[in-house]
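Worksheet for the structure shown next.
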Amino acid sequence: LDLESHLPVRRIDAQDELVRRGKSVLPQLTQRLESGVNIPVRMETWLIWTLARIELNDETIDQYLEELFADSGSRHNRRIQSLRALADRDGKSGRNLSEKTIRAALLDSDTRLRFEGILALRQAKPANALDLLKTNLMGEKDTTVFYAGWQALRYLVPTVELKNALQDDRSAVRRAALLALLEDNH
């Protein structure tokens with residue numbers, strides 16, 4: 001399989017061909033992903049992103065990616081890539097189906113998954129982004145995740161709503177809104 005090639009150009013060509021073939025290759029891709037944890041991280045990443053590029057409006061692919069993320073016993077990379085892929089699909093299709101998975105990432109005990117949840121939120125742009133970010137920022141202890149959170153506020157939330165957030169009862173939300181406003185000289 002050219003997806004296993006050490007040459008990126010061959011992996012890209014193989015992925016493009018699999019995407020062109022569409023749903024007919026889904027069983028082979030999912031079987032390869034489920035064949036065990038011994039597949040290389042690079043291969044796992046390429047398989048997940050190949051799935052993500054096939055038919056953006058196919059909700060069965062979204063459900064499969066959600067299941068990959070939900071399996072807390074699976075490899076860290078698998079969870080991160082499936083979250084990123086879901087957010088990418090939502091961002092391109094505008095469907096906002098990844099909200100449940102993003103919320104789970106934002107509430108995870110793993111700092112890296114919370115960080116990836118913030119990035120996924122920026123990518124997917126769900127309608128309730130402000131509420132999700134407020135929930136995350138309220139209890140966030142990691143400074144890098146908090147930074148990503150207020151940057152996401154800056155990116156996703158209109159200035160008027162940020163100014164309203166300055167009146168929020170939660171100090172972390174007020175601080176994040178203030179930082180987002182100051183970054184843009186408001």
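Just so you know, residue 1 is the first one in the sequence shown, and it goes up from there.
Residues Gln15 and Arg53 bring a donor and an acceptor atom of their side chains to less than 3.5 Å of each other.
The hydrophobic clustering, which links ILVMFWY residues whose side-chain heavy atoms are closer than 4.5 Å, places Ile61 and Ile80 apart. A continuous path of Ile, Leu, Val, Met, Phe, Trp and Tyr side chains, each step under 4.5 Å between heavy atoms, connects Tyr64 with Val19, placing both in one hydrophobic cluster. Trp46 and Val41 are assigned to two separate hydrophobic clusters, defined by single-linkage of ILVMFWY side chains at heavy-atom distances under 4.5 Å. Cluster membership check: Leu119 shares its hydrophobic cluster with Val157, using side-chain heavy-atom separations under 4.5 Å among Ile, Leu, Val, Met, Phe, Trp and Tyr. Tracing side-chain contacts under 4.5 Å through hydrophobic residues (I, L, V, M, F, W, Y), one never reaches Val173 starting from Leu166; they form parts of separate clusters.
Separating the OG1 atom in Thr45 from the CE atom in Met43 is a distance of 11.0 Å, to the nearest 0.5 Å. The distance from the CG atom of Leu86 to the CD1 atom of Ile102 is 8.0 Å, given to the nearest 0.5 Å.
By the 4.5 Å heavy-atom criterion applied to side chains, Asp62 and Ser98 are not counted as neighbours. Contact annotation: the side chain of Gln31 never approaches that of Leu26 to less than 4.5 Å [non-hydrogen atoms, C-beta and beyond]. Side-chain atoms of Ser74 and Arg79, non-hydrogen and from C-beta on, do get closer than 4.5 Å to each other. In this structure the side chain of Arg154 never reaches within 4.5 angstrom of the side chain of Leu181, judged on heavy atoms. Looking only at side-chain heavy atoms (C-beta outward), Val25 and Ile54 come within less than 4.5 Å of each other. At least one side-chain heavy atom of Glu44 sits less than 4.5 Å from a side-chain heavy atom of Arg75. Between Phe69 and Arg78, the closest side-chain pair of non-hydrogen atoms is not below 4.5 Å. Side-chain contact between Leu130 and Leu156 is absent, with no heavy-atom pair separated by less than 4.5 Å.
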**Report entry** Working for side-chain contact (heavy atoms from CB on, under 4.5 Å), residues Leu47 and Ile39
**Finding:** CA-CA 10 Å; Leu47 287 168; Ile39 63 172; 4.1 Å; yes
Report task. Could you please spell out the steps behind the side-chain hydrogen bond (donor to acceptor under 3.5 Å, both in side chains) verdict for Trp49 and Gln81? Result -> CA-CA 8 Å; Trp49 281 96; Gln81 296 306 328; 2.7 Å; yes
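Scanning for side chain to side chain donor-acceptor pair (under 3.5 Å) contacts around Ser171 gives an empty result, with sequence neighbours left out. Remark: Tyr147 pairs with Trp150 by the ring pair (Phe, Tyr, Trp, His ring centres under 6.0 Å) rule, at least two apart or across chains. The side chain to side chain donor-acceptor pair (under 3.5 Å) search around Arg112 returns Glu116, not counting sequence neighbours.
Looking at every heavy atom in both residues, Ala148 comes nearest to Ile118 through O-CG2, 3.3 Å. Ala85 and Ile48 make their closest contact through CB-CG2, 4.0 Å (heavy atoms, listed as atom of the first residue, atom of the second, distance). Nearest heavy-atom pair across Glu55 and Arg89 is O-NH2, 3.1 Å. In plain terms, the two heavy atoms of Ser24 and Gln28 that are nearest each other are O-OE1, 3.3 Å. For the residue pair Ala180 and Leu153, the shortest heavy atom distance occurs at CB-CB, 4.4 Å.
When each of Leu132, Leu133, Thr135, Leu137 is checked for a side-chain contact (heavy atoms from CB on, under 4.5 Å) with Leu106, only Leu132 meets the rule.
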List the atom pairs, donor and acceptor, that lie under 3.5 Å between side-chain atoms in residues 138-146 and the rest of the protein, sequence neighbours left out.
from: Glu140; atom 1: OE1; to: Arg114; atom 2: NE; distance (Å): 2.8
from: Glu140; atom 1: OE2; to: Arg114; atom 2: NE; distance (Å): 3.4
from: Glu140; atom 1: OE2; to: Arg114; atom 2: NH2; distance (Å): 2.9
from: Glu140; atom 1: OE2; to: Asp142; atom 2: N; distance (Å): 3.0
from: Asp142; atom 1: OD2; to: Thr144; atom 2: N; distance (Å): 3.1
from: Asp142; atom 1: OD2; to: Val145; atom 2: N; distance (Å): 3.0

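Residue pairs meeting the side chain to side chain donor-acceptor pair (under 3.5 Å) criterion with at least one member in residues 99-108, sequence neighbours excluded: Glu99-Arg103, Glu99-Asn128.
With a 6.0 Å radius and a threshold of 12 heavy atoms from other residues, nucleotides or ligands, Asp169 has its CG atom at or below the threshold.
Grouping Ile, Leu, Val, Met, Phe, Trp and Tyr by side-chain contacts under 4.5 Å, direct or through others, puts Leu7 with Val9.
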